[in-house]
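Presented below is the structure to which this report refers.
Given the structure is predicted, the values throughout are model-derived calculations rather than measurements.
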Amino acid sequence: MLKTEGIATFVAVVDGGSISAAARRLRLSKSVVSERLADLERSLGGRLLHRTTRKLTLTEDGLAFLDRARRIAREIDEAAADMAERRGTLAGPMRIAAPVTFGRMHLGPALYPFLAQHPDIELTLDMDDRRVDAAADGYDAVVRHGPIADSRLVAWKLAPSRRLLTASSDYLAAHGVPRTLHELEAHRGIFYTNRGAADWRFRSSDGAISVHAKLAFGVNNGDMMRDAAMAGLGIALLPAFIAGPAIRDGVLQEIEVDHKPEPEFIYIAHPEGRNPSAKLRAIADHLRRVFGHPPYWDPLVP
């Protein structure tokens, strides 16, 4: 007879990549996780995982079973959460992915009081700047900065996010202050490599204009982009949620050219076809209130 706890454990092992990771996530001992896996395999009559001392890999049976196992585990979690919500409480597990810098600077501090107020929510927040596949990777939602091109996601706006051209006073004293997009192209740029070389996009009456400055430094982390700009390496196009404090402190200067950077937003998005839970709606509403409109991190906000 199949046990739902075994199915949930199998999914946790696959998502975590190891029995140890699953044990930490489920708050169980490794021996209990191993026992549940073995019991599930006996019930199914086949091996689901190849186990070695270094890694676990799915067997053909395990790969075939995984999608259904995810659906079963998710539906059980949703059913339990629905029952809790009927009693007027927000409860149950949630997995959310978010970019590293925004998560550390703003998302985490906004979530901590909410989670303290709703202790029955079991939130796992994965911080990673890569674009995860929310449905395939088992996430209830993803928080993203910038456009969402994945049609399989339903996105809710949390806050507007201005992007600002910034540089240190030392860099501008040495290289001059650009006033037009044409002048900007002659400068040294600090680029966010996850977006590629066409990331510097500006509004015009004819549509977006891409500017390609000289590469001074490329990196896939916003904190390091800000730090490189503060060190005088070049000009960075940074979200206000990263650059705002440095601009207020006078460590970075905002540069205004003849076109504004394209406007962007902070979103929270859930997989299409999956009804968003009450706790996800509550988190989204809470984040909108905390972030504000305009958001508190924007240097224009007094």
Side-chain angles (χ1 to χ4, degrees), residues 98-106 128-131 143-150 157 159-267 294-302:
V100 175
T101 301
F102 183 75
R104 180 185 61 79
M105 293 181 69
H106 304 287
D128 199 322
D129 285 335
R130 68 185 177 90
R131 292 294 177 110
V143 173
R144 287 187 178 170
H145 172 247
I148 294 181
D150 191 340
K157 290 179 180 178
S161 178
R162 288 198 311 135
R163 300 178 80 199
L164 314 173
L165 283 171
T166 61
S168 70
S169 56
D170 288 344
Y171 174 86
L172 295 175
H175 299 275
V177 181
R179 297 302 181 191
T180 67
L181 295 186
H182 178 71
E183 292 177 359
L184 184 61
E185 288 183 329
H187 279 263
R188 295 169 57 80
I190 299 165
F191 292 99
Y192 185 55
T193 55
N194 282 357
R195 292 197 178 198
D199 183 38
W200 284 16
R201 294 169 63 84
F202 297 82
R203 286 182 290 179
S204 78
S205 57
D206 298 323
I209 301 173
S210 292
V211 172
H212 299 272
K214 298 176 182 178
L215 175 65
F217 183 55
V219 66
N220 65 346
N221 178 264
D223 285 325
M224 291 190 67
M225 289 178 65
R226 177 202 58 216
D227 293 348
M230 290 166 54
L233 293 188
I235 295 174
L237 181 60
L238 289 169
F241 67 77
I242 296 177
I247 291 173
R248 285 198 181 101
D249 293 343
V251 182
L252 288 177
Q253 294 185 27
E254 182 179 357
I255 303 166
E256 295 188 3
V257 293
D258 54 351
H259 291 74
K260 297 289 187 182
E262 279 201 309
E264 294 189 345
F265 288 87
I266 305 293
Y267 296 92
Y296 68 84
W297 56 70
D298 195 302
L300 289 181
V301 176

Whether [Y] and [X] form a salt bridge (side-chain N of Lys/Arg under 4.0 Å from carboxylate O of Asp/Glu) is what I want to check.
X      : Y      : result
Glu264 : Arg163 : yes
Glu262 : Arg203 : no
Arg162 : Asp298 : yes

State whether the side chain of [X] and the backbone N or O of [Y] hold a donor-acceptor pair below 3.5 Å, judged by distance alone.
X      : Y      : result
Tyr171 : Arg188 : yes
Asp249 : Val251 : no
Asp129 : Pro99  : no
Asp128 : Ala98  : no

To the nearest 0.5 Å, what is the distance between CG (Asn220) and CG (Asn194)?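 Here the interatomic distance stands at 5.0 Å.
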Rounded to the nearest 0.5 Å, how far does CD of Glu185 lie from OG of Ser210?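 Here the rounded value is 10.0 Å.
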Which atom pair, heavy atoms only, marks the closest approach of [X] to [Y]?
X      : Y      : answer
Trp297 : Pro160 : CZ2-O, 4.1 Å
Pro295 : Ala159 : CB-CB, 4.4 Å
Ile235 : Ala167 : CG1-CB, 3.9 Å
Thr193 : Gly218 : CG2-C, 3.6 Å

Between [Y] and [X], is there a side-chain heavy-atom distance shorter than 4.5 Å?
X      : Y      : answer
Ile209 : Arg201 : no
Val257 : Glu183 : no
Phe217 : Met225 : no
Thr166 : Ile255 : no
Leu238 : Leu164 : no
Val211 : His259 : no
Leu237 : Pro261 : yes
Ile266 : Pro239 : no

Does atom CE of Met224 have more than 12 heavy-atom neighbours, drawn from other residues, nucleotides or ligands, at distances under 6.0 Å?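 Open: at most 12 neighbouring heavy atoms sit under 6.0 Å from CE of Met224.
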Counting heavy atoms not belonging to His212, are there more than 12 under 6.0 Å from its NE2?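 Counting other residues, nucleotides and ligands, NE2 of His212 exceeds 12 neighbours.
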Under 6.0 Å between ring centres, would you say that holds for Tyr192 and Trp200?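 No, ring centres 6.0 Å or more apart.
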Checking Ser168 against Met230 for the side chain to side chain contact (heavy atoms under 4.5 Å, CB included) test, could you report, in this order, the C-alpha distance in whole Å, the side-chain angles of both residues, the deciding distance, and whether it holds? CA-CA 5 Å; Ser168 70; Met230 290 166 54; 5.7 Å; no
Residue pair Ile190, Arg226: steps toward the side chain to side chain contact (heavy atoms under 4.5 Å, CB included) verdict: CA-CA 9 Å; Ile190 299 165; Arg226 177 202 58 216; over 6 Å; no
Start with the C-alpha gap between Leu165 and Phe202, add the side-chain angles, then the distance that decides, and say whether side chain to side chain contact (heavy atoms under 4.5 Å, CB included) holds. CA-CA 11 Å; Leu165 283 171; Phe202 297 82; 3.9 Å; yes
Apply side chain to side chain contact (heavy atoms under 4.5 Å, CB included) to His187 and Lys214, showing your working. CA-CA 6 Å; His187 279 263; Lys214 298 176 182 178; over 6 Å; no
Does either side chain, that of Tyr267 or that of His145, offer a donor lying less than 3.5 Å from an acceptor on the other one?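 Side chains of Tyr267 and His145: no pair found under 3.5 Å.
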Which word best sums up how the rings of Phe102 and His106 line up, parallel for under 30°, tilted for 30 to 60°, or perpendicular for over 60°?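 Plane angle between 30° and 60°, so tilted.
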